[in-house]
Amino acid sequence: MKTHSFLLVGFCLVFLLKFSATNAQVLPERDRADMRDAILKDRFENVLPKLMDENDIDMWLVIGREYNEDPVMRTMLPATWLNARRRTILVFYQNKTTNTTERLAVARYDVGENITSAWDKEKQANQWARLVELIEERDPKTIGINVSEHYGIVDGLVKTDYTELMDILPAKYEARIVSAEKLAIGWIETRTSKEMELYNQLVDITSAIIDEAFSTAVITPGVTTTDDVVWWMRQKVTDLGLETWFHPTIDIQRDDEELKSQVSAFSKDEEEKVIIPGDLLHCDFGITYITLNTDCQRHAYVLKEGETEVPTFLKKAFAEGNRVQDIFTGNIKKGRTGNEVLAMSLAQGREEGMRPAIYSHPLGNYGHSSGTTIGMWDSQDGVPVAGDYPLHENTVYAIELNTTVNIPEWNKDIRIMLEEAGFLGPNGFRYVNGRQKEIKVVK
């Protein structure tokens, strides 16, 4: 970092005090582990059985090896398991006669408190043979495995494990193997009430970091560069014991520079610039905390000498961005596909004389997660497969979009780019913890 490194130590204390005031404290590691395990227990007991019933899968096999874990398996490991151990085979069996769910591991150890070891290597040396015994004892009609052509996160069964499984599986059960794609997507995308309480805090923490980054505590106009702010954000995340799932970006729009194409805007190779008065700043930033992720884009304006507020023409432009959000989120309804919502929202925005673009994605255990995709920045006519997937309740999305606005005062177009976490629940859509309604001022 080139400037303001002296602020880091003092800011950490100030920031934590700020969190105390907003009930968004960053927990110590042990408390985080307790929360993670409590959330996981709730998910196994209340989410998993429902999803297995809905997708008519009697048995679900999730198989991975140490350091090469199935992405779904990573979301199932307890806090003290940073990776799988050797080969770990998780077996979930839904007994429809007793309406109970077994959670077993063909592994030498219990997988935390939620999944019980069902393999004694001294009695049965062959791990795959033990799996076959468990299958034959339960005789499931359908056996789901994590294979998917279109969703990478739920395509976690590697070729070696698939081949070994099929080589040892009796012929009668080979015909019962099905893709667990929809079940795995459901597991990845479904959020519980416990997780949504955490998500409120996660978004609050994200917003607080952005607010501080877009302030004179970090920015000295004429001195501080965009890269300085980017690395300040990265350092702050590290200092708070958090992580980020992508490298942040800070970009600038100003009156004497042409608007870049969307291709350039999304290339993530923004040229480093010195921030000066009159700049319209934009950030793209997200953090990871207790298995959940945020993804947020906000704007700020650096006041010129003599200015006391954001110019009216920029306020009006930002209001158009909020209007596109309103149109878009008003169309988010359970059962609609991403492509339907995209087409409806773009048509309405254009009818109102705006130039919107919408490219929203599922958000949760992964930043670009599995579930319903609602446009991509380079696919505004719809997204095959992921865009045809219907919206489900209790899911979170990055409400990501932009609108292009002509600014006569600058004799050019600008692009208002916004992104906020949004939740589709039983009562409809809501922002997880509010949204930006006006451009922040850097005084």
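Computed over heavy atoms, backbone and side chain alike; hydrogens, waters and symmetry mates excluded.
Using modelled atom types and a 3.5 Å distance limit, the side chains of D110 and T116 yield no donor-acceptor pair. Side-chain contact check for Q436 and E420: no donor-acceptor pair (N or O, by modelled atom type) lies under 3.5 Å. Side-chain contact, D204 with Q201: no donor N or O sits under 3.5 Å from an acceptor N or O. No hydrogens or angles considered: a donor-acceptor pair under 3.5 Å links the side chains of Q325 and R435. Using modelled atom types, one finds no donor on one side chain facing an acceptor on the other under 3.5 Å when comparing T190 with R43. Side-chain N/O atoms of T225 and E272 include a donor and acceptor closer than 3.5 Å. Checking N365 against R191 by side-chain atom types alone, a donor-acceptor pair falls below 3.5 Å. Remark: the D155 side chain and the H150 side chain contain no N/O donor-acceptor pair separated by less than 3.5 Å. A donor-acceptor contact closer than 3.5 angstrom links the side chains of W60 and N146. With 3.5 Å as the limit, one finds no donor-acceptor pair spanning the side chains of E400 and S360. Checking T192 against E195 by side-chain atom types alone, a donor-acceptor pair falls below 3.5 Å. Side-chain atoms of N293 and T288 form a donor-acceptor pair, as typed in the model, at a separation below 3.5 Å. Side-chain atoms of Q235 and D239 form a donor-acceptor pair, as typed in the model, at a separation below 3.5 Å.
By the ring-ring contact (aromatic ring centres under 6.0 Å, His included) test, W128 is found to be paired with no residue, residues two or more places apart in sequence or in another chain being considered. For the side chain to side chain contact (heavy atoms under 4.5 Å, CB included) test, residues two or more places apart in sequence or in another chain that qualify with E181 are S148, Y151, V154, S179, I185.
Annotation for E352: atom CD counts as buried by contact number, over 12 foreign heavy atoms lying within 6.0 Å. Enclosure of atom CD in E137 by more than 12 non-hydrogen atoms of other residues, nucleotides or ligands within 6.0 angstrom is indicated. When the shell of 6.0 Å around NZ of K440 is examined, it contains more than 12 heavy atoms from other residues, nucleotides or ligands. Few gaps surround CG on D167; more than 12 heavy atoms of other groups in view lie less than 6.0 Å from it. In K121, the NZ atom is not crowded: 12 or fewer heavy atoms of neighbouring residues, nucleotides or ligands sit closer than 6.0 Å. Within a 6.0 Å radius of OH in Y162, no more than 12 heavy atoms belonging to other residues, nucleotides or ligands are found. Few gaps surround NZ on K273; more than 12 heavy atoms of other groups in view lie less than 6.0 Å from it.
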Step by step, work out the side chain to side chain contact (heavy atoms under 4.5 Å, CB included) result for I416 and H282.
-> CA-CA 9 Å; I416 299 297; H282 165 264; over 6 Å; no
Going through the distances and angles, do L342 and Y359 end up as a side chain to side chain contact (heavy atoms under 4.5 Å, CB included)?
-> CA-CA 8 Å; L342 175 68; Y359 34 91; over 6 Å; no
Begin from the C-alpha positions of W232 and I209 and carry the test side chain to side chain contact (heavy atoms under 4.5 Å, CB included) through to its verdict.
-> CA-CA 10 Å; W232 181 91; I209 294 173; 4.2 Å; yes
Dump the intermediate steps for side chain to side chain contact (heavy atoms under 4.5 Å, CB included) on I210 and M233, then the final yes or no.
-> CA-CA 8 Å; I210 294 172; M233 297 173 92; 4.0 Å; yes
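Side chain of T403 to main chain of M354: no donor-acceptor pair is present (N/O by atom type, distance under 3.5 Å, no hydrogens or angles). With hydrogens and angles ignored, the 3.5 Å screen pairs a side-chain donor or acceptor of R130 with a backbone N or O of A118. Put simply, the side chain of N95 gets close to the backbone of T97: a donor and an acceptor are under 3.5 Å apart. Remark: side-chain polar atoms of S379 are not paired, donor with acceptor, to backbone N or O of G375 under 3.5 angstrom. In this structure, T372 contributes its side chain and P390 its backbone to a donor-acceptor pair below 3.5 Å. No donor-acceptor pair under 3.5 Å is formed between the side chain of W81 and the backbone N or O of R74. Looking at N55, its side chain does come within 3.5 Å of a backbone N or O of L51 through a donor-acceptor pair. When atom types are taken as modelled, the side chain of D37 and the backbone of A79 share a donor-acceptor pair closer than 3.5 angstrom. Remark: side-chain polar atoms of D388 are paired, donor with acceptor, to backbone N or O of V385 under 3.5 angstrom. Remark: side-chain polar atoms of R430 are not paired, donor with acceptor, to backbone N or O of G422 under 3.5 angstrom.
Relative orientation of the Y389 and H392 rings is tilted, given thresholds of 30° and 60° on the angle between their planes.
Closest approach of G156 and P71 over heavy atoms only: CA-CD, 3.8 Å. When all heavy atoms of C296 and T206 are compared, the pair lying nearest together is CB-CG2, 4.1 Å.
Checked for salt-bridge contact, E102 and R138 meet the test: a charged N lies under 4.0 Å from a carboxylate O.
Here F44 and W187 bring their ring centres to under 6.0 angstrom of each other. Checked against the 6.0 Å centroid threshold, Y397 and F423 do not count as a close aromatic pair.
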